[in-house]
Amino acid sequence: MKLAGFLLLPAGWFIAVSAIGLLHSLPAQTAFCLAGVAIEAVGFVFIARQHIPKPRTKSAD
Amino acid sequence: MAGLTLLNAGLTRSRSTAHILLSSLCAVSVAVLVYVAFGFSFAGFGSAGAVLHAGGREWNVMGSGRLFARSVNFDGSIGPLVLLLQIFSVGLCALIPVAGGAERWRIAAVCASSALLAGIIFPVFQHWAAPDGWLGQMGFLDAGGAASIQGVGGIGALCIAWQVGARQGKFTPEGIPTAMPGHNATFVLFGCLLALLGWLGLNMASAALIDPHNPGLLALAAINTVIAAGAGAIAALVGTRVRFGKPDASLTANGWVAGLVAISASAPYVKPAAAMLIGSVVGGAMVFAIEVIELRMHVDDPAGAISVHAFGGIWGLWALSIFGDGVHGSFLAQTLGVATLIGFVLPVCYGLNLLMNRFVPYRVSPSGERQGMDLFELGAGAYPEFVTHREDFSRR
């Protein structure tokens, strides 16, 4: 999941940058740019969840 | 820089005070040396070393100044002033991750990581965000470094906090965070006042570079800086009073700094009323951001650097598009800047530090952490007279 998160971060960025390069209408550019940030946010959540240490349960003895 | 260093030292425990002060000094020193030697040439103000052509546009992705800042002419032009401002900027940026790894990040690793930050990450983003970089050409504005200094530094702090893990005892085996209060509220609060002085210089210098012949712009930048800091502190004070029943000194101090961070992008561009709103929003939200980072993300950030600098910086970028005059910093351009911070700076910073961690271990050994970073790494504490001797408590 951490790897997926780290793939999603640049993927979202590429979407945002590509929108500026390829699209010409401002609303479309803004929508794609926000979509890119949303994808980055999903990637960030994946990475953050993988860094949460698993709770240790006390042994039965 | 002095203010942030004091703030960070005050928010950590007394057994690591000398260590965090020395780490900060080392981080600034290495960052400045590496930046002048290599980084400034990549940042390449006014130069276009690598220009890509795609989508009918020119993408200026890297500068090509000469190494050791030899492209700066000390002939009365504005070049040396730019270099001076960038030297202070990179020093400030390198200080922020030190707070994220406080009390468990070794000094050798601090130096190595600061070199990466100042030599690669900071100058590349700085070049993109500059007026002749590809982000800047799209209308992205960041007058005082909310993105290039605070955002990059805050993301660096997050990467370091992830790399080194939490301090021993910060989280119970069940994953519940425990309070580890800072040791010196005087350092924390005095550090805030010192930080204001530094920020005034930074934001006014940035305003002077935008329009050297407009003293009103300098005054506006200074006024907005003070207003945003005050609004951030009051919002955090009220927020902690409502949430915890009593105002919290350290969170209020962080609210003050968050206000300074958030106004960095827009100090010369917004009206004082907007600065008040920008500071209030970030000061109030920062109280919750610190909780989310600790309780939900389980990240141990002793001085709140991630919430203050990364969150505050990102809010500051968007705030310029919301409260600005509509000419400077469009919403699209500012969003693209935020996307670049999260989608480029974060993975690159994490990857480089992950790699560096293999060669220079970042985290101190468990026994060293128990002993305290001062004694373990430096051999002497910041407060030698505070040592508790067993004979002081012997039965007489």
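Keep in mind that this is a model prediction, so the values were computed, not measured. Numbered from 1 within each chain, the chains take letters A, B, ... in sequence-line order.
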Next on the checklist: For the interface with chain A, which of Leu346(B), Thr340(B), Leu158(B), Val338(B) has the highest count of heavy-atom pairs at distances below 4.5 Å?
Outcome noted: Thr340(B)

Checklist outcome for this item: Max heavy-atom pairs within cutoff under 4.5 Å with chain A, candidates Leu135(B), Val299(B), Ile176(B), Ile342(B), goes to Ile342(B)

Checklist entry - Under the salt bridge (charged side-chain N to carboxylate O under 4.0 Å, His left out) test, which residues partner Arg167(B), sequence neighbours left out? => result Glu103(B), Asp300(B)

Checklist entry - Can you check whether Val364(B)'s main-chain N or O pairs, donor with acceptor, with Glu369(B)'s side chain at less than 3.5 Å? => result no

Item to check | Phe14(A) atom CZ, over 12 foreign heavy atoms within 6.0 Å | outcome: no

Checklist entry - Quick check: are there more than 12 heavy atoms from other residues, nucleotides or ligands sitting under 6.0 Å from CZ of Phe6(A)? => result yes

Next on the checklist: At a 4.5 Å cut-off on heavy atoms, which part of Val45(A) comes close to chain B: side chain, backbone, both, or neither?
Outcome noted: neither

Checklist entry - With Thr335(B), which residues qualify under side chain to side chain contact (heavy atoms under 4.5 Å, CB included), at least two apart? => result Cys33(A), Leu34(A), Val37(A), Trp318(B), Phe331(B)

Checklist entry - So which bits of residues 19-28 of chain A come within less than 4.5 Å of chain B, counting non-hydrogen atoms only? => result Ile20(A), Gly21(A), Leu26(A)

Item to check | Atom pair CZ/CH2 of Phe140(B) and Trp128(B) - distance to nearest 0.5 Å | outcome: 12.0 Å

Enumerate donor-acceptor pairs with a distance under 3.5 Å from any side-chain N or O in residues 303-312 of chain B to protein atoms, sequence neighbours excluded.
residue	atom	partner	partner atom	Å
His309(B)	ND1	Gln150(B)	OE1	2.7

